[in-house]
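Everything on this sheet refers to the single structure shown next.
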Protein chains: 2
Amino acid sequence: MAKRQPGAFDTWELDAPQLQDRSAELWDHSYGPVARRLLTSATRCYASKGFQATTTRDISGGAGLSPAAMYVHFPSKEAILFEIARTAHVKALDDMRSPAQDDLVERIWHIVYRHVAWNARYHVAARVAQYELANLTPENYASIREIRRETNRVYRSIVADGVEDGVFVPIDIKRVVRGIIALAVDPVRWYRHSGTDSPEDLGEFYAGLALAMLTSTPPVPASRTEPSDPTQAGEPAR
Amino acid sequence: MAKRQPGAFDTWELDAPQLQDRSAELWDHSYGPVARRLLTSATRCYASKGFQATTTRDISGGAGLSPAAMYVHFPSKEAILFEIARTAHVKALDDMRSPAQDDLVERIWHIVYRHVAWNARYHVAARVAQYELANLTPENYASIREIRRETNRVYRSIVADGVEDGVFVPIDIKRVVRGIIALAVDPVRWYRHSGTDSPEDLGEFYAGLALAMLTSTPPVPASRTEPSDPTQAGEPAR
DNA sequence: GTCTATACGGCGATAGAC
DNA sequence: GTCTATCGCCGTATAGAC
């Protein structure tokens with residue numbers, strides 16, 4: 001079987017996730033080395049196979065341990081997921097809000113730039129943090145949700161200021177911010193370190209897109225529009 | 001417990017997925033009524049709990065059958081997932097490319113508009129189609145991938161024409177298209193029919209964002225930029 | 001703190017009557 | 001084509017020795 005091409009246009013596979021994966025850098029050092037190895041192994045497993053398809057044997061085996069040893073460090077599979085998601089959300093938020101220029105164009109540019117670059121650099125952990133939330137307990141989900149809410153607030157306050165100042169065009173703030181975040185998060189789905197884009201390249205590109213959305217009033221097509229018909233006939237060939 | 005709020009800003013929960021869910025309209029009528037009920041039930045289960053967490057008992061029970069009866073209609077749980085993903089991808093593609101105006105601004109506007117509206121209207125099935133692909137066999141995944149590739153081509157050819165004509169600004173075509181599609185797909189994650197936005201409202205909004213990205217050269221911040229430092233010290237409070 | 005061994009439950013899928 | 005019953009397997013998590 002041929003290896004996946006770098007820069008594949010669209011993919012869900014994550015083979016050989018260990019390649020150039022930087023998740024090992026992320027974990028709090030209040031965890032000992034064995035616990036951190038477990039977190040790294042779990043991150044790779046969850047990212048490539050999903051939480052439910054990952055077994056405790058996968059996780060412990062990836063850290064060079066027996067399944068039973070895992071329970072000395074974490075009370076459950078879900079607790080490991082929570083710690084991964086919590087760490088990724090906190091670190092990404094922390095990273096993206098560090099610089100605080102005055103100019104609103106600079107501020108939004110930098111936030112998108114750093115958010116995207118972080119998501120690309122740590123795409124394995126970030127993917128778990130974005131796509132496995134449904135597997136958390138309600139309490140743990142609520143906790144992550146608070147961090148996500150804060151991320152939203154960071155974006156919204158800048159956009160709101162820009163709209164008020166007239167630096168940005170008048171626009172529905174919640175909706176654009178949701179759009180900008182959707183762009184910033186998308187790389188976790190397909191980014192690979194083996195491709196040609198560096199995390200920073202990508203951050204610059206998406207920051208430009210975000211600014212385009214905030215600073216231009218797009219042309220409105222004249223014909224708008226007979227609503228699309230969901231009951232249309234044409235069945236595809238089977 | 002309180003019900004989820006309409007228009008929740010960001011969510012992965014999908015409670016009571018049966019509410020106003022329109023997936024039942026989607027299935028090919030070469031399937032009999034029982035098979036279609038199974039597809040609808042499976043769509044709701046996969047969307048709310050994920051493929052791996054869904055049991056054959058969930059699916060069959062939701063269609064009013066015993067687990068064994070399912071196997072008369074489909075050979076496996078995975079075959080049902082494939083049929084859902086295939087149908088959603090084909091119908092969405094089919095819907096979005098039906099109108100064919102000459103004007104390139106109109107064309108991209110309509111494609112995004114219809115793509116977004118479709119994803120919102122059928123968000124339950126579309127969510128399964130977007131988020132459960134990792135659970136397909138390699139062969140079935142490859143088949144879906146072809147449809148996704150075609151979707152990409154549809155977008156790319158319009159954008160390429162527009163850039164060549166000078167209607168759109170010069171821009172990396174693959175990268176913007178990836179961004180536009182990321183925007184168009186994002187609603188499957190959070191859209192609810194109980195919210196205030198109609199699928200068409202949302203389509204108009206995102207079509208505007210896509211045009212903004214294609215028709216404006218955003219301001220470039222002067223200070224660009226000390227690369228973000230991933231090894232920064234500050235640990236979050238635990 | 002790590003191991004081996006295992007309890008216990010629930011999973012996907014099948015057998016065979018009707 | 002649907003049912004009841006069940007097989008065989010493998011999941012998470014625990015017991016208890018070292």
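Computed from a predicted structure; not experimentally measured. Below, read A as the first sequence line, B as the second, and so on, with proteins coming before strands; counting in each chain starts at 1.
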Length of the CZ-P vector between B:R36 and D:dG1, whole Å:
14 Å
Cation-pi check, A:R36 to A:Y31: give yes when NZ or CZ is under 6.0 Å from the six-membered ring centre and within 45° of the ring axis, no otherwise.
no
Within this structure, what is the NZ-to-P distance between B:K49 and C:dG10, rounded to whole angstrom?
13 Å
If you measure from the Lys or Arg side-chain nitrogens to the Asp or Glu carboxylate oxygens, is any gap between B:K91 and B:D94 under 4.0 Å?
no
Would you confirm whether A:R192, through its side chain, and A:W190, through its main-chain N or O, come within 3.5 Å as a donor-acceptor pair?
yes
Contact pattern, 5' to 3', of nucleotides 11-18 of chain D - B, S or - by protein heavy atom under 4.0 Å:
SBBBB---
Classify the ring geometry of A:W118 against A:Y122: parallel below 30°, tilted from 30° to 60°, perpendicular beyond 60°.
tilted
Parallel, tilted or perpendicular: rings of B:Y191 and B:H123 (30°, 60°):
perpendicular
Rounded off to whole Å, could you give me the OH-to-C1' distance for the B:Y46 and C:dG12 pair?
11 Å
